[in-house]
Amino acid sequence: MKLTIILAPYDSGYYHGGCGRGPDAIVAGGLVEELTLHGHDVIVVDIGEIGNEQGREISTGFAVCSAISEKITASRKDGRLPVVLCGNCLTAVGAVAGESADSIVWADQHGDLNTPETSTYGFLDGMALATVIGLCWRPMANAVPGFKPLEASRCMLVDARDLDAGERHTLEGLPILHGTCAEAPGLADRLAAAGGHRTHLHIDLDIHDPEVLQANRYAWPGGPNPDELRESMRDVAASLPVVGITISAYDPAFDAKGDVPPAVGRLLVDVLDALRKKA
Ligand SMILES: NC(=[NH2+])NCCC[C@H](N)C(=O)O
């Protein structure tokens with residue numbers, strides 16, 4: 001397949017800090033070589049440093065989304081599937097916008113369904129999925145080229161086991177599909193029935209069982225091992241019209257042995273293989 005790997009090396013307004021170091025580390029771990037070996041035609045583009053002198057988390061976070069949307073638009077013109085490596089989950093807002101996605105799979109240890117009214121952390125990424133479905137930050141999100149909020153019924157949350165009280169409440173009131181990694185392929189059929197034609201696949205690497213693979217500071221027990229995640233996401237990709245992928249939130253400081261980059265390579269090889277077989 002023709003692919004563009006797009007790097008968004010930011011974490012909460014910080015360029016190349018924390019999870020902002022993840023995209024480069026994943027590429028340094030051999031991702032391009034691995035995908036090329038499996039027959040893909042890969043180019044890499046980096047959004048670079050986004051001009052925001054004040055370094056504000058919120059405005060920088062959305063500026064990153066706009067940059068991603070623009071890179072994806074260029075990539076689509078070239079017939080390339082975008083694979084975004086990002087430090088922040090909020091960056092998925094830019095991917096959904098650039099891809100004109102109408103549905104989403106959100107595989108994450110967290111729900112990211114807080115809003116400014118429910119967050120007790122003040123962490124923008126904890127509101128990322130809420131932003132995607134139009135629950136908050138609307139003026140900022142609407143300024144991202146191509147952004148349209150997705151319907152909650154076209155959203156599937158996978159293995160979000162660390163949910164805050166406000167998020168549980170939000171989830172109860174919305175028709176979001178929600179299940180474990182093992183249940184995801186079955187839920188994908190229900191997501192397909194909800195009528196989306198362009199699905200974005202978002203994977204926060206902290207979905208993994210932290211006892212097996214720890215991607216960042218969050219280490220809620222449970223979750224899939226890399227084989228289980230790969231199998232689940234491959235089946236999900238086989239049954240949904242995936243138009244782009246975000247791989248988010250790898251902080252190399254929590255992965256002393258460098259186990260995460262090769263796991264990302266294997267995950268993408270299998271997901272892309274499932275998409276290629278359908279093409
Ligand atoms: N994408 C993430 N890393 N999300 C973590 C969110 C943690 C917590 N629920 C919060 O709102 O701050």
Side-chain angles (χ1 to χ4, degrees), residues 1-36 38 40-50 60-61 63-72 74-76 80-99 101 104-108 112 125 128 200-208 213-216 226 229-230 233 237 242-255 258-272 275:
M1 295 179 82
K2 287 174 76 182
L3 309 172
T4 310
I5 295 180
I6 307 175
L7 311 180
Y10 271 88
D11 184 350
S12 307
Y14 295 99
Y15 183 58
H16 286 156
C19 292
R21 292 170 55 218
D24 284 355
I26 292 170
V27 170
L31 181 64
V32 177
E33 293 79 358
E34 173 97 2
L35 295 174
T36 306
H38 283 82
H40 297 288
D41 164 1
V42 186
I43 60 170
V44 180
V45 299
D46 192 324
I47 63 166
E49 195 163 3
I50 301 296
T60 305
V64 169
C65 292
S66 291
I68 286 295
S69 175
E70 280 156 16
K71 294 285 187 212
I72 289 179
S75 166
R76 281 175 71 180
R80 292 178 175 274
L81 184 96
V83 178
V84 177
L85 305 181
C86 47
N88 283 129
C89 290
L90 184 79
T91 304
V93 169
V96 163
E99 291 158 11
I104 192 161
V105 175
W106 194 274
D108 195 323
D112 293 346
D125 264 18
H200 180 74
L201 175 59
H202 173 79
I203 301 173
D204 182 326
L205 293 166
D206 69 19
I207 189 173
H208 287 101
L213 195 74
Q214 183 164 351
N216 58 41
L229 180 68
R230 227 169 46 235
M233 293 298 108
V242 173
V243 291
I245 301 170
T246 35
I247 302 285
S248 179
Y250 171 44
D251 184 343
F254 291 84
D255 177 35
D259 291 334
V260 171
V264 170
R266 288 189 291 269
L267 174 65
L268 283 171
V269 163
D270 280 12
V271 167
L272 294 167
L275 297 179

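- The nearest pair of heavy atoms linking Ile207 to Asp108 is CD1-N, 3.6 Å.
- A salt bridge does not link Asp41 with Lys2: every distance from a Lys NZ or Arg NE/NH1/NH2 to an Asp or Glu carboxylate oxygen is 4.0 Å or more.
- Counting all heavy atoms, side chain and backbone alike, Leu81 lies closest to Gly244 at CD1-N, 4.0 Å.
- Taking every heavy atom of both residues into account, Thr4 and Ser75 meet most closely at OG1-OG, 2.9 Å.
- Across every non-hydrogen atom of Leu31 and Gly265, the tightest pair is CD1-CA, 3.7 Å.
- The shortest side-chain heavy-atom distance between Val84 and Ile245 does not fall under the 4.5 Å cut-off.
- Within the 4.5 Å cutoff, the side chain of Pro226 has no heavy atoms near those of the Arg266 side chain.
- At a threshold of 4.5 Å between non-hydrogen side-chain atoms, the residues Asn216 and Asp204 count as touching.
- Inter-residue side-chain proximity for Ile43 and Leu3 is flagged as unmet; no heavy-atom pair is nearer than 4.5 Å.
- Put simply, CG on Leu205 and CD on Gln214 are 12.0 Å apart, with the number rounded to the nearest 0.5 Å.
- Contact between Trp106 and Cys89 at its shortest, heavy atoms only, is CH2-O, 3.7 Å.
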Stepwise side-chain hydrogen bond (donor to acceptor under 3.5 Å, both in side chains) check, Tyr250 with Asp255:
CA-CA 9 Å; Tyr250 171 44; Asp255 177 35; 2.6 Å; yes
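- With values rounded to the nearest 0.5 angstrom, Tyr14 atom OH is found 12.0 Å from Asn88 atom CG.
- Contact check for His200 versus Val105: no side-chain heavy atoms found under the 4.5 Å cut-off.
- Qualifying side chain to side chain donor-acceptor pair (under 3.5 Å) partners for His202, counting only residues two or more places apart in sequence or in other chains: Thr246.
- Looking at Pro9 and Ile47, their side chains come closer than 4.5 Å, going by heavy atoms from C-beta outward.
- Side-chain contact between Ile5 and Leu85 is present, with heavy atoms from C-beta onward closer than 4.5 Å.
- Pairing each heavy atom of Pro82 with each of Glu99, the nearest pair is CG-OE2, 3.7 Å.
- Summarising the geometry, atom NE2 belonging to His38 is positioned 14.5 Å from atom CE belonging to Met1; distances are rounded to the nearest 0.5 Å.
- Rounding to the nearest 0.5 Å gives a distance of 11.0 Å between CD1 of Ile6 and CD of Glu70.
- Counting heavy atoms from C-beta outward, Tyr10 and Cys19 have side chains that stay 4.5 Å or more apart.
- To the nearest 0.5 Å, atom CG of residue Asp125 and atom OG of residue Ser248 are 6.0 Å apart.
- Partners of Asp46 under the side chain to side chain donor-acceptor pair (under 3.5 Å) rule, at least two apart in sequence or in another chain, do not exist in this structure.
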Steps toward side chain to side chain contact (heavy atoms under 4.5 Å, CB included) verdict (Asp270, Met233):
CA-CA 8 Å; Asp270 280 12; Met233 293 298 108; over 6 Å; no
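- In this structure, the side chain of Asp11 does not engage the main chain of Gly87 through any donor-acceptor pair within 3.5 Å.
- Note: Ile26 CD1 to Leu268 CG = 8.5 Å, rounded to the nearest 0.5 Å.
- A donor-acceptor contact shorter than 3.5 Å links the side chain of Thr36 to the backbone of Val32.
- In terms of the side-chain contact (heavy atoms from CB on, under 4.5 Å) criterion, residue partners of Ala253 (sequence neighbours excluded) are, by chain and number, Arg21, Asp251.
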